[in-house]
Structure formats: C-alpha cells, structure tokens
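Just so you know, ligand 1 is whichever comes first in the structure, and atom 1 is the first atom listed for that ligand.
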Amino acid sequence: MNPMQDNASSYSRRKFLSTAGMSVVGLTLAGKLLAGDKASTLEVSPEVSPVAAPTGFTVQPLDYSFDALEPHIDARTMEIHHGKHYAGYVNNLNKALLDSGTIFPATIEALIGDLDKLPETLRTTIRNNGGGAANHELFWNLLSPKGGGQPKGYLGNAIDAAYGSFDKFQESFAKAATSRFGSGWAWLGVNAEGALYITSTPNQDSLLMRGVVEQPGKPILGLDVWEHAYYLHYQNRRADYIKAFWNLVNWETAEELYVTATH
Ligand code: MN3
C-alpha cells in the first residue's frame with residue numbers, strides 16, 4: 001500500500017470519528033439534562049433529538065500506542081501527556097462552555113480564532129484550554145512511529161524556497177523551540193499571503209488566535225516545548241528532545257495541512 005494514501009485516509013477517518021464522537025457526547029449530555037429536570041417527563045429518543053450543534057468536545061484517541069514513539073518519546077510521558085494534560089484541556093474547555101451557557105461551535109478552531117467574540121470573563125479560560133486542546137490534537141497527528149525523513153511535495157518545495165534547504169529550516173525551527181522561554185510551542189505556519197514562517201508562542205497560544213498572537217496564521221508543524229512533553233526522559237535537555245522530534249514528524253500530515261492552507 002502506498003504509505004501516503006494510507007496516512008491521508010487514516011487522518012480523514014480520525015477527523016470523521018472525532019465529529020461523530022462529538023454528537024454522541026451531545027446526545028448524552030442532552031439526555032442527562034432532561035433526566036435531571038423533574039418538570040419534564042418527556043422521553044426523547046436520541047434518534048429524533050434535534051441536537052444541531054455539539055455540546056461537548058471529545059478527547060481524541062491516539063492512533064498509535066503510548067510506547068510507539070520510543071525511544072524518542074517514552075511511553076509514560078505519552079500516557080500522562082495525553083491522558084492528563086491534553087484530556088484536562090478538553091474537559092476544562094467543555095466545563096467552561098457548559099457552565100457559562102455558551103453555545104458550542106462546530107470546532108475548537110472556530111472558537112479560538114475569535115476570542116474577541118467571547119465574554120471577557122471567559123476569554124482567558126478558553127484561550128488556555130481551547131488552545132491546549134487544539135494544539136495537542138494537531139501535535140498528536142503530526143507525530144508518527146513511521147515519521148521522520150524530509151518533507152516532499154508542495155511543502156518540501158516551499159521549505160527549500162523559503163529557507164534554502166531542509167537543514168537550514170531545521171536549524172531555524174530548533175532555534176525558535178530552544179529560545180522559547182518557559183512553556184510554549186514552536187511553529188511552522190502559513191500567513192495570510194501564503195508564505196511560510198517560523199515562530200513560537202507562549203503557554204497554549206495558537207497561531208489561529210487572531211488579535212492575540214504576534215504572527216497569526218495557519219499551523220503546519222507544531223512542537224510542544226512544555227516540560228511536561230519531555231521532562232521524564234530528557235529532564236532539562238530540551239535541545240535533545242527537539243533533535244529527537246525530527247525522527248517522528250509525520251510529513252504527510254504536514255503536507256495535507258499546507259495544501260489545505262494554501263489552495
Ligand atoms: Mn503538552
């Protein structure tokens with residue numbers, strides 16, 4: 001089987017499963033609300049329940065096992081990172097939206113792209129937890145036990161054109177990742193003009209956050225440089241973790257993101 005095709009179809013399948021998963025959660029929550037309301041004795045069949053928008057985002061499963069990225073990222077780190085940190089962002093995001101009675105948008109990306117539209121009291125919570133959820137979902141999809149090597153196709157050409165060579169691109173990206181003080185992310189993004197750029201953001205800020213980050217755009221490649229992403233195995237050696245990251249990059253996913261962002 002052509003590995004590129006395999007990868008693309010598994011990415012689409014994951015997206016579909018995630019959308020399907022959201023409506024299941026929506027129905028479950030709607031059912032619970034009805035069950036808790038004593039005035040209502042209506043029995044609503046989930047099949048005919050008119051739930052249009054999702055009322056809860058799901059924790060997306062990894063499509064590889066926790067130990068699949070070893071020796072570059074260890075199993076225990078992946079287990080805690082996915083099961084505690086990432087799941088925590090999703091759960092906190094859902095709680096903030098439910099508690100405030102905010103209507104759930106179709107996607108987390110839509111929500112964090114327009115933080116200005118949210119009530120001021122919600123903005124920081126959604127910025128941190130919506131950003132955390134979206135950034136990690138992207139990150140999981142950009143890692144693969146079969147990853148590494150160099151980008152080909154449109155993205156490979158664009159990287160060569162913008163940075164001179166893949167090696168020089170890696171150097172610039174690693175510099176952004178190393179010099180991000182404290183917790184944050186290093187990014188390769190595409191701006192409104194369709195040009196590639198390398199940057200980093202603090203905390204869980206996403207390139208999608210217009211009016212918030214210095215250089216908004218669409219993320220193509222992201223690297224989590226929070227200590228929770230590497231400390232168990234690498235301790236303070238962030239540079240070694242960044243070096244190991246190149247063995248895991250799923251360039252087919254990055255190509256898909258680049259083509260979607262620029263065509
Ligand atoms: Mn993280």
Side-chain angles (χ1 to χ4, degrees), residues 11 14 18 57-96 107-109 111-113 115 124-145 147 173-189 198-209 212-213 218-250 253-254 257:
Y11 187 62
R14 211 156 43 228
S18 121
F57 294 107
T58 50
V59 174
Q60 289 192 35
L62 296 173
D63 70 351
Y64 39 83
S65 59
F66 291 133
D67 64 0
L69 306 180
E70 288 194 350
H72 311 296
I73 302 180
D74 66 284
R76 185 78 180 126
T77 294
M78 286 304 291
E79 190 181 353
I80 298 170
H81 200 179
H82 184 275
K84 303 291 181 196
H85 293 280
Y86 159 62
Y89 297 125
V90 177
N91 293 335
N92 289 337
L93 171 65
N94 286 336
K95 187 175 183 322
T107 63
I108 299 174
E109 285 77 7
L111 184 68
I112 63 175
L115 288 171
T124 303
T125 304
I126 303 297
R127 177 175 173 178
N128 290 336
N129 293 286
N135 290 344
H136 285 85
E137 284 167 17
L138 190 71
F139 187 51
W140 309 139
N141 291 336
L142 282 164
L143 300 175
S144 166
F173 187 92
K175 195 175 167 199
T178 313
S179 59
R180 163 50 52 192
F181 183 76
S183 300
W185 291 75
W187 301 102
L188 174 67
I198 289 169
T199 187
S200 73
T201 57
N203 305 314
Q204 293 296 349
D205 284 358
S206 157
L207 298 189
L208 299 172
M209 294 175 180
V212 173
V213 293
K218 294 192 174 141
I220 306 300
L221 187 68
L223 175 60
D224 188 342
V225 294
W226 282 58
E227 282 189 345
H228 71 222
Y230 62 87
Y231 199 84
L232 287 182
H233 183 69
Y234 293 97
Q235 289 83 51
N236 62 325
R237 304 187 311 277
R238 188 191 282 188
D240 290 350
Y241 160 72
I242 296 165
K243 205 178 278 178
F245 167 67
W246 299 116
N247 296 303
L248 300 171
V249 176
N250 185 336
T253 297
L257 291 167

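Under the 30°/60° scheme for interplanar angles, the aromatic rings of His136 and Trp185 are found to stand perpendicular. Classification of the Tyr89-His228 ring pair by plane angle, with boundaries at 30° and 60°, yields tilted.
In this structure Ser183 satisfies the side-chain hydrogen bond (donor to acceptor under 3.5 Å, both in side chains) test with no other residue, sequence neighbours excluded. Residues satisfying the side-chain hydrogen bond (donor to acceptor under 3.5 Å, both in side chains) criterion with His82, sequence neighbours excluded, are absent altogether. Evaluation of the ring-ring contact (aromatic ring centres under 6.0 Å, His included) rule for Phe66 yields no partner, not counting sequence neighbours.
Atom-to-atom distance recorded for Leu221:CG and Leu142:CG is 5.5 Å, nearest 0.5 angstrom.
Of all protein N/O/S atoms, those under 2.8 Å from the Mn ion (ligand 1) are His81 NE2, His136 NE2, Asp224 OD2, His228 NE2, and waters are not counted.
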